[in-house]
Amino acid sequence: MLFTITEIRNENNIILVSGETLTGRIKGIWKADALSPAVGESYQIELDFGITDRNMININPSAKDTSTEILNDRVSFTALCESINEIYFLRFSFDGLEMLEIEHDDFTIKEGDFLTFEKPFAEIAIYPY
């Protein structure tokens, strides 16, 4: 997913970056020692949400599209469950496909469902490549 950095903050030796994607704004921890973030630069990224428990995810039947939004100290995500093959593949945009491996799965999530979840910034890892 293409991510353009709009803000960089260093808190207790942790680099927090905020930026824009095709689906909205994201903020999380920059996870690349060899690649320094720069405001205004764009990077292809992968995300790690740290979600393992099914109870952290809601099926959102009223959602019509994907989105990411910063809400206070959290990021709200809405994604389309594109496919399931032992792990869940979540589509955010044409260039944004992320994976979730869910423990305690109750198998109520189906392909084509929109899923919504929120995570604090400190639990969202941003991996540029």
Side-chain angles (χ1 to χ4, degrees):
M1 174 172 2
L2 189 64
F3 176 71
T4 303
I5 295 178
T6 58
E7 181 183 7
I8 302 169
R9 292 181 38 207
N10 191 327
E11 295 182 7
N12 301 322
N13 294 323
I14 295 172
I15 299 173
L16 283 173
V17 294
S18 301
E20 299 284 340
T21 69
L22 289 174
T23 60
R25 296 183 46 75
I26 296 175
K27 183 175 183 177
I29 300 173
W30 187 257
K31 294 288 191 171
D33 294 332
L35 182 60
S36 296
V39 171
E41 292 294 318
S42 297
Y43 305 86
Q44 290 292 332
I45 62 166
E46 291 184 10
L47 300 171
D48 184 348
F49 309 104
I51 291 179
T52 57
D53 195 321
R54 168 63 178 90
N55 293 326
M56 301 174 79
I57 301 167
N58 295 309
I59 298 170
N60 186 344
S62 64
K64 303 288 186 229
D65 205 354
T66 61
S67 66
T68 57
E69 179 181 10
I70 296 174
L71 303 170
N72 299 316
D73 66 341
R74 305 172 76 76
V75 178
S76 173
F77 297 93
T78 300
L80 177 67
C81 180
E82 185 169 278
S83 66
I84 304 168
N85 185 4
E86 294 183 26
I87 58 175
Y88 293 80
F89 292 90
L90 304 182
R91 177 66 64 186
F92 285 93
S93 60
F94 76 91
D95 69 342
L97 184 66
E98 303 294 337
M99 297 178 288
L100 282 182
E101 187 171 350
I102 302 172
E103 297 173 10
H104 314 295
D105 188 2
D106 62 5
F107 302 104
T108 56
I109 297 172
K110 305 292 183 222
E111 290 179 6
D113 285 343
F114 280 95
L115 307 179
T116 302
F117 54 93
E118 291 184 8
K119 292 297 291 188
F121 304 145
E123 295 178 20
I124 301 168
I126 299 175
Y127 293 91
Y129 61 94

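Quick caveat, the model's predicted, so the values are computed rather than measured. Quick note: residue numbers are just sequence positions, from 1.
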Are I87 and M99 packed together at the side-chain level, in the sense that at least one heavy-atom pair is separated by less than 4.5 angstrom? yes
Return the orientation label for the F77 and F117 ring planes: parallel under 30°, perpendicular over 60°, tilted otherwise. parallel
Using side-chain contact (heavy atoms from CB on, under 4.5 Å), reason through I124 and K27 one step at a time and then give a plain yes or no. CA-CA 8 Å; I124 301 168; K27 183 175 183 177; over 6 Å; no
Determine whether a donor-acceptor pair (N or O, by modelled atom type, separation under 3.5 Å) exists between the side chain of [X] and the backbone of [Y].
{"X": "N12", "Y": "I14", "answer": "no"}
{"X": "D95", "Y": "L2", "answer": "yes"}
{"X": "E46", "Y": "E98", "answer": "no"}

Scan side-chain atoms only and decide if [X] and [Y] contain a donor-acceptor pair under the 3.5 Å cut-off.
{"X": "N60", "Y": "S62", "answer": "yes"}
{"X": "S67", "Y": "T23", "answer": "no"}
{"X": "T108", "Y": "R54", "answer": "yes"}

Can you give me the closest heavy-atom contact between I126 and G28, atom names plus distance? CD1-N, 3.6 Å
Could you go through the side-chain contact (heavy atoms from CB on, under 4.5 Å) check for Y43 and T4 one step at a time? CA-CA 6 Å; Y43 305 86; T4 303; over 6 Å; no
Check against side-chain contact (heavy atoms from CB on, under 4.5 Å), I59 and K110: CA-CA 9 Å; I59 298 170; K110 305 292 183 222; over 6 Å; no
